[in-house]
Amino acid sequence: MHDVLKRLGIDEETYGAAGAGGFYPTAGPLITSTNPTTGEALAKVRLGRRDDYDRVITEAHDAFLRWRMLPAPKRGEIVRQMGEALREHKDDLGALISLEVGKIRSEGLGEVQESIDMAELAVGMSRQLYGLSMHSERPQHRMYEQWHPLGVVGVITAFNFPNAVWAWNAMVALIAGDSVVWKPSLKAPLTAIATHKICDQVLQDAGFGGVLGLIIGEDKVVGDALIRDRRLPLISATGSTRMGRHVSAVVASRLGRCLLELGGNNAVIVHRDADLDLAIRGVAFGACGTAGQRCTSTRRLFLHQDIAEAFVDRLVAAYNTLPIGDPLDEGTLVGPLIDQDAVTMYERAIASIKEQGGEILCGGQRVDRPGHFVKPTLVRAPLDLPMAKEETFAPILYVFTYDDLDRAIAAQNDVDQGLSSAIFTDSFRAAETFLSHAGSDCGIANVNIGTSGAEIGGAFGGEKDTGGGREAGSDSWKAYMRRQTCTLNWGSELPLAQGVSFDV
Ligand code: NAD
């Protein structure tokens, strides 16, 4: 067994549910988490069942009733300690992310850093849960808005950010006064267990066990229970659009709230006046970083015809020298896909691309070594290539050529998803056109930066089939609270609004 796992307190067989007293024995099916780089088993997890789900939610609700009464800045102080605890374990947790989902070392560490940053951001937010005050139309009246905690928030996370997506939600929900029950991906259960252990210990020490709950189980058992449960006023779900469509329909049918962070199909436009050195680096990282398994990965590239040929040549040269290998080896830039299913999807996508008339410029095959490795792939594509409208969660980049910027922006927007977008240009006019109301329709629009690698200070999320949710910074905390409008009458009359009279 890996020392990293031992140091993080993970046994060879571990339980998949944690409530007020921490982890407890579960009796569901046993799954094995494997290393996508080598295929070796890392550890086994005994899944939670329906009764475990109920126990975790009940305990989270009981804990919520006490947690919400703690002043927000005091909750912030506890979240600050969680950030410190994550910092202490950053090295091991980062390595576990590399082992379990195949991120290269700097990305594994970067993900934990993102969670630490989220904790620090949330500490500040805990003193800034502002409501507005309004002038009442009635004399001797005061009107204002205040924000209250919501309750138990259900957090469903995707495999590709097995630590940070939880933190985007949990750190903010916690300072908002909510308790949080996490249902992680079955593809990355160990990172969830380790993350939960580290952060939950801080809450246990503060006397607030149960504020964080964890339930690892099958979608049809615990996933389904979570989204149907009226005790959960908010479900935050990160993952595929297919999953989000289902989750949002179920949650809407009980008039619950959803916060959705779904698939992307992100594009970069490289204009004729772009700094091509910057653009090459931005595109290569965006398309090949995390082996193309980020929601914000660059999947489509629009090149101005004046620079297209030279740019493609440089990109092919860069692709051909990308170090692919063990993500924990120094120098590796591209690790494996998460599992065999992902490799099969990649291979099917390549076959469809060829059938549809796309030209493979480089890549297009598995890498001949153990593990789930594929070659980053460049495809020269006609504008109407059907595969380019889909999110294939792998390093496949479609390259198009354009002559008119407005048409390139329209083509960029002509997909169902609306997460991230970027333009490389030194032209003020081109940049502002891209950022204007008639420009990019995505939740994220960057200039001279690629599509992936967002900072947590901004609100993160996207439009259309990406689900419309916003998490992390800015005023995203509002999603985790309920707004109350309060009007106080400090006079001795009872005037009614809009001049209505009703004297009895
Ligand atoms: P996925 O949709 O297969 O699974 C995501 C999560 O949803 C998992 O925890 C899964 O168990 C759960 N789930 C699936 N069906 C469910 C159901 N019926 N009820 C309850 N829970 C259910 O996605 P994935 O393969 O883990 O992740 C990749 C996808 O996530 C990509 O589409 C990517 O773009 C997206 N993603 C989006 C963001 C974002 O912020 N927009 C971030 C990360 C990943």
Side-chain angles (χ1 to χ4, degrees), residues 16 31 36 45 47-48 53 100-103 107 111 114 118 154-169 181-189 191-192 214-229 232 235-251 256 258-266 290-299 337-339 341-342 344-346 390-394 415-421 442-444 451-454 456 458-472 476:
I31 61 161
V45 180
L47 298 184
Y53 167 80
E100 194 172 37
V101 302
K103 288 194 181 188
E107 288 192 78
E111 178 162 354
E114 193 167 340
M118 273 309 305
V155 177
I156 296 173
T157 57
F159 80 83
N160 66 328
F161 276 89
N163 167 273
V165 166
W166 171 80
W168 295 347
N169 287 281
V181 172
W182 185 7
K183 194 218 78 60
S185 166
L186 292 187
K187 295 175 188 173
T191 305
L214 177 71
I215 180 78
I216 306 180
E218 292 163 307
D219 293 336
K220 61 180 189 307
V221 182
V222 304
D224 195 63
L226 187 94
I227 61 183
R228 291 184 193 281
D229 195 333
L232 273 55
I235 301 293
S236 170
T238 302
S240 59
T241 296
R242 179 194 53 75
M243 176 278 293
R245 255 186 237 294
H246 173 70
V247 167
S248 68
V250 172
V251 176
C258 256
L259 182 50
L260 299 173
E261 293 287 358
L262 309 176
N265 190 354
N266 318 293
T290 329
Q293 297 171 108
R294 285 193 185 211
C295 51
T296 51
S297 289
T298 309
R299 311 211 178 274
L337 296 184
I338 185 70
D339 55 17
D341 284 353
T344 304
M345 301 250 261
Y346 165 90
E390 288 179 28
E391 182 197 46
T392 303
F393 221 50
V415 289
D416 292 334
Q417 309 84 348
L419 181 51
S420 186
S421 60
C442 294
I444 297 169
T451 56
S452 79
I456 52 127
F460 179 88
E463 304 299 335
K464 303 191 293 187
D465 281 8
T466 303
R470 291 297 185 279
E471 291 175 1
S476 303

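We're numbering straight along the sequence, starting at 1. Treat the numbers as computed from the prediction; the structure is a model and nothing was measured. Remember, it's 1-based here, ligands and their atoms both numbered in the order they're listed.
In terms of protein heavy atoms, atom 28 (C) of ligand 1 is closest to F393 CE2, 3.6 Å. Protein heavy atom nearest atom 26 (O) of ligand 1, with residue, atom name and distance: F159 N, 3.1 Å. Looking from atom 43 (C) of ligand 1 to the surrounding protein, the closest heavy atom is N160 OD1, 3.2 Å. Nearest protein heavy-atom neighbour of atom 36 (N) of ligand 1: C295 CB, 3.6 Å. Nearest protein neighbour of atom 27 (O) of ligand 1, counting heavy atoms only, is A158 CB, 3.3 Å. The closest protein non-hydrogen atom to atom 23 (O) of ligand 1 is S240 N, 3.5 Å. Scanning all protein heavy atoms for the shortest distance to atom 12 (C) of ligand 1 gives I156 CG2, 3.6 Å.
Between the side chains of Q417 and T241, no donor-acceptor pair of N or O atoms lies under 3.5 Å. T451 and T296 form no side-chain donor-acceptor contact under 3.5 Å, judged by distance and modelled atom types alone.
Selection from I338, D219, N266 by nearest heavy atom to atom 13 (N) of ligand 1 gives D219. Nearest-heavy-atom check against atom 35 (C) of ligand 1 across G239, A237, G462 picks out G239. Comparing heavy-atom distances from atom 39 (C) of ligand 1 across Q417, R245, E261, R470 singles out E261 as nearest.
Taking the side chain as every heavy atom from C-beta outward, P184 and I216 approach each other to under 4.5 Å. Contact of the F393 side chain with the R299 side chain is registered, since non-hydrogen atoms from C-beta on lie closer than 4.5 Å.
Note: an N/O pair closer than 3.5 Å links T157 and ligand 1 by distance alone. Considering backbone and side-chain N/O of R294, none are found under 3.5 Å from N/O of ligand 1. The shortest N/O to N/O separation between E391 and ligand 1 falls below 3.5 Å. Among the atoms of M243, none of the N or O lies under 3.5 angstrom from an N or O of ligand 1.
In this structure, R470 pairs ionically with E463, as a charged nitrogen and a carboxylate oxygen lie closer than 4.0 Å.
Here the side chain of N266 pairs a donor or acceptor atom with the backbone of C295 at under 3.5 angstrom. In terms of modelled atom types and a separation under 3.5 Å, the side chain of S240 and the main chain of M243 share a donor-acceptor contact. The main-chain N or O of G263 is found under 3.5 Å from a side-chain atom of T466 such that the two form a donor-acceptor pair.
Here H246 has side-chain heavy atoms under 4.0 Å from ligand 1, and that is the only part of it that gets that close. With a 4.0 Å cut-off on non-hydrogen atoms, L262 touches ligand 1 through its backbone and not its side chain. For W168, every heavy-atom contact with ligand 1 shorter than 4.0 Å involves the side chain, none the backbone. Here T238 has heavy atoms under 4.0 Å from ligand 1 in both its backbone and its side chain. Counting heavy atoms closer than 4.0 Å to ligand 1, residue L186 contributes nothing at all.
Note that the CD atom of E391 and the CG atom of L419 stand 9.0 Å from one another [nearest 0.5 Å].
Each of the following atoms of ligand 1 lies closer than 4.0 Å to a heavy atom of G263: 32 (O), 34 (O). Against a heavy-atom cut-off of under 4.0 Å, P184 is close to the following atoms of ligand 1: 9 (O).
Taking the side chain to side chain donor-acceptor pair (under 3.5 Å) definition, one finds that T344 meets it with Q340, sequence neighbours left out. For the salt bridge (Lys or Arg N to Asp or Glu O under 4.0 Å) test, no residue two or more places apart in sequence or in another chain qualifies with E471.
In this structure, atom 4 (O) of ligand 1 has no protein heavy-atom contact shorter than 4.0 Å.
Contact between E261 and F460 at its shortest, heavy atoms only, is OE2-O, 2.8 Å.
In M345, the CE atom is not crowded: 12 or fewer heavy atoms of neighbouring residues, nucleotides or ligands sit closer than 6.0 Å.
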